[in-house]
Every structure is written in C-alpha cells, then in structure tokens.
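Let me begin by presenting the structure, written as structure tokens, before commenting on it.
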Amino acid sequence: MSVARSIDPDQIGFDPARLARIDEHFGRYVDDGRLAGFQVLVTRRGEIAHSSTYGLRDAEAGAPVEADTLWRIYSMTKPVTSVAAMMLWEEGRFELTDEISRWLPEFADLRVYSKGTALKPYTVPAIEPIRVWHLLTHTAGLTYGFMQTSVVDGIYRAAGYDLYPPADVDLATACQAFGELPLLFQPGTAWGYSVATDVLGRLVEVVSGQSLDAFFADRIFRPLGMTDTHWWAEGDVAERLAALYAPDPRTGRALRYDQLGALAYEKPLLLSGGGGLISSAADYHRFTQMLLRGGELGGARLLGPRTVRFMTRNHLPGGQDLETLSAGGFSETTLEGIGFGLGFAVVDNPVPSRVPSSVGEYYWGGVASTAFWVDPAEEVTALFFTQLMPSSTHPIRPQLRQLVYSALVD
C-alpha cells in the first residue's frame, strides 16, 4: 500500500489549502531546529488525503526523511500486542476475566505497596488477582520505572527496570521479576501506565505457543502486508532508520541521542510488546486501516468488527475517565474526558481537552513523539512520525488534531 496521496482532498471533505497548514506548521519546528524531520499521513474513507515528509531523518548525515523512512514507534507497539491478544480471545483461548496466573504463575500471591520507602516498603496482600482485562486497560497495578513519580517506580528502577530492562533479561525473566515486585495499587482500582502490555505479550506467547515475534509475523504482519515492521534494524533497514534526538535543555534544539538510539540496531533479547517495534508510515497505515475497517484489510481479517468496537469503548470501572482514575505519572495531555479501552485511549468527551475530536475516537503514541488516531465517526486516520524524546517536549499531538480537524470542511 502506497503512502502517496490517492485522491483530491476536496472529494472527501478536506480543504487542500487547510491541509497544507500541517506542513507549514510543523515545518517551522524543523526550520528552527526543534525537530530534525517528520512524516505525516492523513486519510479519510480509506483514501489518502495528505501525505508529506519534511526535514532530515539523520541531520548529521544530511539524509532526508523519505516515504519509506523507518521510525522507532515505541508504545505504538501496544495496540499491536493488544490486537494479538484479542485474536486469541476470539478463538476462545481465554476470557478477559481470567486470572493471568493461570498461564503466568509468577503473578499469583501478589503484594501491593502500602507505605514506606523503596528500601523498606510495607506491602499488603492483593485482594483481587490480575485479570487479562487489567493488562489491556493498564489497571493491573503494574508501573514503569521511568515514571519516577512513586515509591514503586523506584523499586522497579532498583531492580534494573527503567526505560529499558537489564541487558541480559528476556521477556519471561522480566515477567518473573514483575511478579515479585509490589503493585502500585490493588488491581482494577486505578489506572497506571505500565509494563502491563509487556506482560500481555508474554501471555500471548504462552497461550499461543509461539514467540511474540513469530506470532506477530505469522498472524499480523504477513496477512496485512506489513513488510517494513521490525524488532531491530540491520543492513538496508538500518540505513533507512531515522536517528533519535532529544532537546538541548538550553536551546530546545534537537540533539542526537545515541545512548538510546543505538539500541535499535541490536537484536533485542527481550521482545517488548509494550514498546519494541520499528515501523514505516506505510505499514502503520495498513494497521490503522485494518482497525478503521473493523478488523479486515485486503481480504485478511484479523478481528471481527464487533470485537474492534468492543476494544475501542471505555472499559474503565464505572465509565470513569483517566483524570479520575489515574494513579499519577502521566501528565502529557489532559486526561479529563478520556477513557481507556482494550489497548487504546478512547475519547468520551472532547471538550475538556479544548481540541477537536470525535466521541469514540481512539489513539495512542510513542515516547519518541510518534502518534496516531482513528476516528470512526469521521472515517479519518492520522499518523505523525518523528524521533524526539520525550514525547511531552512539544504539544505536537493536540496541534495535529487542531490542524487536521480544521481542514475537514464537509
């Protein structure tokens, strides 16, 4: 599937001059050095209305962003893992209410942090087991060490689990460690962004009998024609991978971030369902089109349409939003009016964000400032790729919504 524009935008309700504002706006980010380069793809009703690249994928080498540039998508891996899990669910391999300790016994007899320090935590028994739906909704009580907002985050870091796991740890070993660490809260009582999707990836492995990379390749990438999605970059793939950047704290200009960027060129021991993939605009476009079409693309059906609709409803207890239920540590955008489904954030009320969107729109992004959303009401998908860490550096995501929706004029 090409990423070239496939239709005159005005035929599907977009004003071409208004769409051009996307490139003008984010071009200023590149021109003043805040970003090295970017790629944008906007579709409606399955047709590509806007596709553009600007700037450099590698500023030091002078290599431009091109249509087939590859990007570290980090947490945009999570929806892929969630789809994998729900494919197994559709086969009756588990129920969403099942305790995960049935397959991952390391998550039996869990303890929950109550008080104390990272060196001397006081914990209490979990009164509710972690269930499959807790992993999909980030309500399991797990966390991320890099959040640095709680004592439990500190316990994760002390165990070696920060933004990346220890170098000698595979997914099974990491899950053993997570099962031994205290939970941040009782399962099902709060929302906390976490390693839950990595644990979900391990569940996929155990239930399916395949490694996560093999399951993705056989059941998702090959059927969808996602030939440019990888776990690491080598050879020709490495030449197309955009460099990673971080903002200079003095000037705000994007500076090369080789410390983390170099990891993408090595075969990972831990297959991270929460953040391990590299992909292209064309490939992730295929993935989002499959979702928009109710689980099918090009004759390959991954999920039933009712499953996709079920996944993209707010599953938080009592229909609460993330602002109410969040355990803290995730303040990139407003959480008011935003629910969470089975692998995606879901818009319940667009007004509190002060940014246009549709009720029922679902989305997520990656820590290197990549982002996507799918809007079933307007039949719109939008993808944005760049490589700047962290994603909270600039308000790219709300600005992209502002620009895309103001260009929709029918």
Will you find, in the side chains of [X] and [Y], an N or O donor that is under 3.5 Å from an N or O acceptor?
X	Y	value
Ser280	Asp68	no
Thr43	Thr381	yes
Ser358	Glu378	no
Lys78	Thr81	no
Gln39	Thr69	no

Ile130 vs Leu135 side-chain heavy atoms within contact, under 4.5 Å:
yes
With side chains defined as the heavy atoms from C-beta onward, is the minimum distance between His138 and Thr197 less than 4.5 Å?
yes
Tell me, please, whether Tyr363 has Arg401 positioned over its six-membered ring: NZ or CZ under 6.0 Å from the ring centre and within 45 degrees of its axis?
yes
So which atom in [X] and which in [Y] form the shortest heavy-atom distance, rounded to 0.1 Å?
X	Y	answer
Ser52	Asp23	OG-OD1, 2.6 Å
Cys175	Asp198	SG-O, 4.5 Å
Phe94	Ala85	CZ-O, 3.2 Å
Leu241	Ala233	CD2-CB, 3.8 Å
Pro356	Gln402	CD-CA, 4.4 Å
Leu212	Leu271	CD2-O, 3.9 Å

Donor-acceptor contact below 3.5 Å, side chain [X] vs main chain [Y]:
X	Y	result
Thr386	Leu388	no
Asn314	Gln320	yes
Arg293	Gly298	no
Arg253	Pro247	no
Glu296	Gly299	yes
His25	Ile22	no
Arg301	Leu303	yes
Asp283	Asp228	yes

Looking at [X], I want to see if its [atom1] is surrounded by more than 12 non-hydrogen atoms of other residues, nucleotides or ligands under 6.0 Å.
X	atom1	value
Asp410	CG	yes
Arg306	CZ	no
Gln259	CD	no
Asp248	CG	yes
Arg111	CZ	yes

Report the C-alpha separation of Arg222 and Asp218 in whole Å, then their side-chain angles, then the decisive distance to 0.1 Å, and conclude whether the salt bridge (charged side-chain N to carboxylate O under 4.0 Å, His left out) test is met.
CA-CA 6 Å; Arg222 195 168 296 121; Asp218 292 346; 2.8 Å; yes
Begin with the C-alpha distance, continue with both residues' side-chain angles, and end with the deciding distance and a verdict on ring pair (Phe, Tyr, Trp, His ring centres under 6.0 Å) for Phe340 and His315.
CA-CA 6 Å; Phe340 208 87; His315 284 252; 9.6 Å; no
Kindly say whether the aromatic ring centers of [X] and [Y] come within a distance under 6.0 Å.
X	Y	result
Tyr362	Phe344	yes
Tyr29	Phe38	no
Phe372	Trp364	no
Tyr161	Phe178	yes
Tyr245	Tyr257	no
Phe14	His50	no
Tyr284	Trp71	no

Let's go through Tyr164 and Phe146 carefully: what are the C-alpha distance in whole Å and the side-chain angles of both, what is the deciding distance for ring pair (Phe, Tyr, Trp, His ring centres under 6.0 Å) to 0.1 Å, and is it a yes or a no?
CA-CA 9 Å; Tyr164 279 86; Phe146 66 80; 9.6 Å; no
Salt-bridge contact Arg93-Glu91 (side-chain N to carboxylate O under 4.0 Å):
yes
